[in-house]
Amino acid sequence: MQTSSLKESIWQIVAAIPEGNVATYGQVAALAGYPNHARYVGTTLKNLPKGTRLPWHRVVNGRGELSFPINSEPWHKQKAYLEKEGILFMGKGFSLKQYQWQA
DNA sequence: GGTATGACAGAGT
DNA sequence: CACTCTGCCATAC
């Protein structure tokens with residue numbers, strides 16, 4: 001897929017995350033070919049069109065938390081999506097590894 | 001203290 | 001002007 005830009009690569013990787021699993025920015029960035037640019041993943045996702053079908057809500061940071069400001073609109077929305085898929089976030093003994101997606 | 005992560009910002013094409 | 005890519009720094013573990 002050399003015709004795809006990095007953004008499209010990220011798009012496909014995120015879209016490949018199975019339901020009930022999550023991936024970290026570093027994970028996606030590494031799969032996209034940029035193991036040291038996890039920030040770019042978030043920046044790119046933020047720039048995605050409003051009507052994207054990309055399950056960006058399955059992408060979380062390395063601590064197993066959402067990268068949005070707590071109590072923000074998108075924060076609640078993402079958390080709701082995750083819980084709906086069976087991923088209970090912010091748990092006391094939450095283990096990211098337990099949900100970490102593996103290519 | 002060192003390593004790893006990040007929803008940015010700035011610069012280049 | 002729009003989109004892409006690289007770099008620095010602060011915070012958490």
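Chain letters run A, B, ... following the sequence lines, proteins first, then strands; residues in each count from 1. None of these values were measured; they are calculated from a predicted model.
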Which nucleotide in dA7(B), dT4(C), dT6(C) has an atom nearest any side-chain atom of H37(A): dT6(C)
Touch class at under 4.0 angstrom, heavy-atom based, for G42(A) against every strand present: base
Distance below 4.0 Å between K46(A) side-chain N/O and dC8(B) OP1 or OP2: yes
Between dA7(B) (P) and H76(A) (NE2): distance, integer Å: 17 Å
Of the listed nucleotides dG7(C), dG6(B), dC5(C), the one nearest the side chain of Y40(A): dC5(C)
Gap separating the OG1 atom of T24(A) from the CZ atom of R63(A), nearest 0.5 angstrom: 12.5 Å
Shared hydrophobic cluster for Y81(A) and I70(A) (ILVMFWY, side-chain gaps under 4.5 Å): no
Nearest-Å distance for atom pair CD/C1', residues E65(A) and dA7(B): 14 Å
Hydrophobic cluster identity match, I17(A) and L48(A), side-chain contacts under 4.5 Å: yes
Integer-rounded Å distance: dA7(B) P and L54(A) CG: 16 Å
With sequence neighbours excluded, residues passing side chain to side chain donor-acceptor pair (under 3.5 Å) with S67(A): Y25(A)
N/O contacts under 3.5 Å, protein versus nucleotides 9-12 of chain C?
none

Scan nucleotides 10-13 of chain B against the protein and return all N/O pairs shorter than 3.5 Å with their distances rounded to 0.1 Å.
none

Separation of atom NZ in K50(A) from atom P in dA7(B), rounded to whole Å: 23 Å
For the student: nearest non-hydrogen atoms of Q27(A) and Q100(A), plus distance: OE1-NE2, 3.3 Å
Atom pair distance, as rounded to whole Å: CG in L66(A) and C1' in dG6(B): 14 Å
Whole angstrom value for the distance that separates C1' of dA7(B) from CZ of R58(A): 18 Å
Side chain proximity check, V41(A) to I13(A), heavy atoms < 4.5 angstrom: no
Whole-Å gap separating P (dA7(B)) and CD (Q78(A)): 10 Å
Rounded distance [0.5 Å steps], CD1 in I10(A) versus CG in L31(A): 10.5 Å
Touch class at under 4.0 angstrom, heavy-atom based, for V28(A) against every strand present: nothing
5' precedence on DNA chain C between N36(A) and T44(A) (nearest-nucleotide basis): T44(A)
Separation between NZ of K77(A) and CH2 of W56(A), rounded to the nearest 0.5 Å: 7.5 Å
Gap separating the CZ atom of F89(A) from the CG atom of L82(A), nearest 0.5 angstrom: 5.0 Å
Rounded distance (Å) that lies between atom P of dT4(C) and atom OH of Y34(A): 12 Å
